[in-house]
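Here is the structure we will look at.
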Amino acid sequence: MKRVLLSLWLALLLTPLNAKEAVPVAQDPALEARLNRLAKELRCLVCQNESLADSQADLAADLRREIREMMRQGKSDAEITRYLTDRYGDFVLYRPPLKSTTWLLWFGPFLLAGLAIAGFLYFLARRRKSLPDAPLSPEEQARVEALLGQRPEEPRS
């Protein structure tokens, strides 16, 4: 039993010696830099708030591998982007193009802000009309002037 435990302990000690350095994903650093630049412009379909470059999802890794392969085949960034948008729609782009289907996406926030401002101005106008236009009585006027530290004007005789 002692020998078995000693053998296991030695095996565990020697395990790090068998470890190898991580193999780089791409042999070409320029290709990897281009992949990262393009992947930052693309949305992960699983983790929707992360770019394809930052996501750790399996689908994102598969898409990065597919993009890398297309880059090795000599396809341009525009061709790769068009391939992905044909396959997944404009949703895959962080900056979707301006067209009829994305009009609300681009101008919707401005439209909502305009409606909110118009609603607020309408509310203020209605409120102003609903308040009675009541002038101050002479006693109220004298009290206001006393509070403000002014002397009331004496009536001229």
Side-chain angles (χ1 to χ4, degrees), residues 1-136 144 147-149:
M1 183 70 179
K2 215 174 193 181
R3 283 185 170 182
V4 172
L5 288 176
L6 184 62
S7 301
L8 281 173
W9 186 71
L10 282 175
L12 286 174
L13 282 178
L14 297 177
T15 301
L17 296 177
N18 292 330
K20 295 179 182 174
E21 198 168 305
V23 178
V25 177
Q27 299 298 326
D28 186 6
L31 180 84
E32 195 66 23
R34 183 177 160 215
L35 169 70
N36 283 332
R37 193 173 42 252
L38 181 61
K40 286 184 179 180
E41 296 293 322
L42 300 170
R43 181 187 316 269
C44 176
L45 299 171
V46 177
C47 312
Q48 296 179 359
N49 289 330
E50 291 187 53
S51 71
L52 205 56
D54 298 332
S55 176
Q56 299 297 319
D58 291 339
L59 180 62
D62 289 344
L63 286 175
R64 285 192 300 265
R65 189 174 21 258
E66 194 169 341
I67 291 170
R68 188 176 294 116
E69 187 58 37
M70 285 190 274
M71 286 179 171
R72 283 187 187 130
Q73 293 171 357
K75 292 189 176 181
S76 69
D77 290 355
E79 289 173 324
I80 294 169
T81 302
R82 188 173 40 252
Y83 169 77
L84 290 173
T85 54
D86 288 346
R87 194 170 179 186
Y88 300 110
D90 289 332
F91 180 76
V92 76
L93 301 173
Y94 261 121
R95 288 184 275 168
L98 182 61
K99 55 187 186 181
S100 63
T101 56
T102 59
W103 185 88
L104 193 59
L105 178 68
W106 282 99
F107 299 110
F110 299 111
L111 182 66
L112 286 176
L115 287 174
I117 290 170
F120 183 68
L121 292 175
Y122 177 74
F123 169 76
L124 288 179
R126 273 190 72 182
R127 185 170 179 252
R128 181 175 294 156
K129 285 182 181 176
S130 68
L131 292 177
D133 189 23
L136 298 176
V144 166
L147 288 173
L148 294 176

What's the spacing between [X] [atom1] and [Y] [atom2] if we round to 0.5 Å?
| X | Y | atom1 | atom2 | result |
| --- | --- | --- | --- | --- |
| Leu93 | Arg43 | CG | CZ | 8.5 Å |
| Leu98 | Leu105 | CG | CG | 9.5 Å |
| Leu63 | Cys44 | CG | SG | 7.5 Å |
| Arg64 | Met71 | CZ | CE | 12.5 Å |
| Glu66 | Arg87 | CD | CZ | 4.5 Å |
| Leu42 | Glu50 | CG | CD | 14.0 Å |

- Query: Are side-chain heavy atoms of Leu84 and Ile67 found at a separation under 4.5 Å?
  - Reply: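 Of all side-chain heavy-atom pairs linking Ile67 with Leu84, at least one is under 4.5 Å.
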- Query: Is there a side-chain contact between Arg72 and Arg68, using heavy atoms and a 4.5 Å cut-off?
  - Reply: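 Yes; the side chains approach each other to less than 4.5 Å.
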- Minimal non-hydrogen separation, Lys40 against Tyr94, with atom names: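 Shortest heavy-atom separation between Lys40 and Tyr94 comes out as O-CD1, 3.7 Å.
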- Message: To check you understand the geometry: which heavy-atom pair defines the closest contact between Asn36 and Ala53, and what is its length?
- Response: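 Between these two residues, the closest heavy atoms are O-CB, 4.1 Å.
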Taking atom [atom1] as the centre, does [X] end up with more than 12 heavy-atom neighbours from other residues, nucleotides or ligands that are less than 6.0 angstrom away?
| X | atom1 | answer |
| --- | --- | --- |
| Gln73 | CD | yes |
| Asp86 | CG | yes |
| Leu104 | CG | no |
| Asp58 | CG | no |

- Message: List the residues meeting side-chain hydrogen bond (donor to acceptor under 3.5 Å, both in side chains) with Arg34, not counting sequence neighbours, and say none if there are none.
- Response: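 So Arg34 forms a side-chain hydrogen bond (donor to acceptor under 3.5 Å, both in side chains) with Asp77.
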- Item | Residues which pass salt bridge (charged side-chain N to carboxylate O under 4.0 Å, His left out) with Asp90, listed by chain and number, not counting sequence neighbours |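 Asp90 satisfies salt bridge (charged side-chain N to carboxylate O under 4.0 Å, His left out) with Lys99 once adjacent residues are dropped.
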Give the table of side-chain donor-acceptor pairs shorter than 3.5 Å for residues 107-128, with sequence neighbours excluded, one pair per line with atom names and distance.
none

